[in-house]
Amino acid sequence: MNIIAENLSKNYKRKDLLDIKVLKDIDFEIMSGQKIALTGPSGAGKSTLIHILGLMDRPTSGKVYIDGVDCFAGDDKYLCVMRKKNIGFVFQFHYLMPDFTVMENILLPVWNEKNIKFKQAQSILEKVGILHWQNHFPGELSGGEQQRAAIARALINNPQIVFADEPTGNLDRITGLEIEKLLFESSSETGSTLVLVTHNGELASKADKIIKMTDGKMSK
Ligand SMILES: Nc1ncnc2c1ncn2[C@@H]1O[C@H](COP(=O)(O)OP(=O)(O)OP(=O)(O)O)[C@@H](O)[C@H]1O
Ligand SMILES: [Mg+2]
């Protein structure tokens with residue numbers, strides 16, 4: 001699926017301050033199946049941008065087209081369906097539910113069909129290398145393993161677009177590289193579009209395109 005951002009802006013209101021402009025007239029196109037590295041200094045607006053592209057937040061103005069569909073013309077219910085059908089999200093911190101096993105966490109997004117999805121969940125867990133942890137709780141896993149589980153959860157819907165917001169932020173360099181490699185490989189295998197926020201120059205150079213943000217704008 002391709003993504004087009006047109007004149008995207010996002011302002012936040014702050015007490016006693018003028019609106020702060022976090023995204024300023026952003027335009028770009030991401031082609032279907034492309035792997036994009038999104039880089040830029042802290043506070044540049046990277047998380048804000050991918051939350052909007054991932055339909056978790058609305059822009060103040062501008063449009064996001066996914067496969068030609070003007071997503072924010074739809075109501076919140078539409079965004080929710082669109083997200084569930086097409087989008088996987090991996091956060092900096094894994095956000096696994098501590099009282100559910102790894103398998104239950106993976107199946108949470110598809111709980112109504114959990115019996116049908118069980119085999120697929122096992123095969124994804126095998127692919128990310130933590131099948132042996134399926135009946136354990138997240139707290140028993142290392143940081144890298146927890147992040148692998150979060151990736152498995154993002155992939156259970158066979159999303160055509162995957163967003164990952166510094167998924168390696170809490171990991172050591174080697175483990176972080178493995179996690180990012182896993183996301184790249186999975187995107188190549190399934191042909192899904194990947195937008196990865198990363199500070200890793202080595203990996204960014206392997207992306208099809210690098211989008212660099214500074215102060216709410218795209219820089220070349
Ligand atoms: N809900 C909010 N209310 C007000 N300001 C916000 C809100 N969310 C983000 N901001 C501000 O927007 C700016 C961009 O934040 P954002 O989280 O998108 O940056 P980032 O590029 O992801 O940074 P980092 O690399 O540190 O994660 C920051 O100045 C931040 O303080
Ligand atoms: Mg961020």
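Numbering of ligands and ligand atoms starts at 1, following listing order.
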For atom 23 (O) of ligand 1, find the nearest protein heavy atom and state the residue, atom name and distance (0.1 Å precision). G43 N, 2.8 Å
Taking atom 21 (O) of ligand 1 as the point of reference, which of Q92, M213, K46, E166 owns the nearest heavy atom? K46
Quick one: do the D165 and S47 side chains pair a donor with an acceptor below 3.5 Å? yes
If you scan protein heavy atoms around atom 19 (O) of ligand 1, the nearest is G45 N, 3.4 Å
Assess, by modelled atom type and distance only, whether the side chains of K35 and S188 contain a donor and an acceptor separated by less than 3.5 Å. yes
Only heavy atoms count here, so choose which of L23, T48, D57, L49 is nearest to atom 18 (O) of ligand 1. T48
Any nitrogen or oxygen of I20 lying under 3.5 Å from a nitrogen or oxygen in ligand 1? Just yes or no. no
Shortest protein contact, atom 17 (O) of ligand 1 (heavy atom only): S47 CB, 3.7 Å
If we only consider heavy atoms of A44, is any one of them less than 4.0 Å away from an atom in ligand 1? yes
Quick test: of every protein heavy atom, which one is nearest to atom 6 (C) of ligand 1, and how far off is it to 0.1 Å? Y12 CD1, 3.3 Å
Do we see a donor-acceptor contact under 3.5 Å between the side chains of S9 and T60? no
Between T198 and E180, do the side chains contain an N or O donor and an N or O acceptor separated by less than 3.5 Å? yes
Does any N, O or S atom of S47, backbone or side chain, fall under 2.8 Å from the Mg ion (ligand 2)? yes
Going by distance alone, is a donor N or O of one side chain under 3.5 Å from an acceptor N or O of the other, for Q120 and N158? yes
How close do D75 and R58 get, heavy atom to heavy atom, and via which atoms? C-NH2, 3.5 Å
Any idea which protein heavy atom is nearest atom 26 (O) of ligand 1, and the distance to it? S42 OG, 2.6 Å
So which atom in G216 and which in I26 form the shortest heavy-atom distance, rounded to 0.1 Å? O-CD1, 3.5 Å
Determine whether the side chains of E145 and W133 contain a donor N or O and an acceptor N or O closer than 3.5 Å. yes
What residue and heavy atom of the protein are closest to atom 31 (O) of ligand 1, and at what distance? R14 NH2, 3.2 Å
Would you tell me which option among D215, V22, D165 has the nearest heavy-atom contact to atom 13 (C) of ligand 1? V22
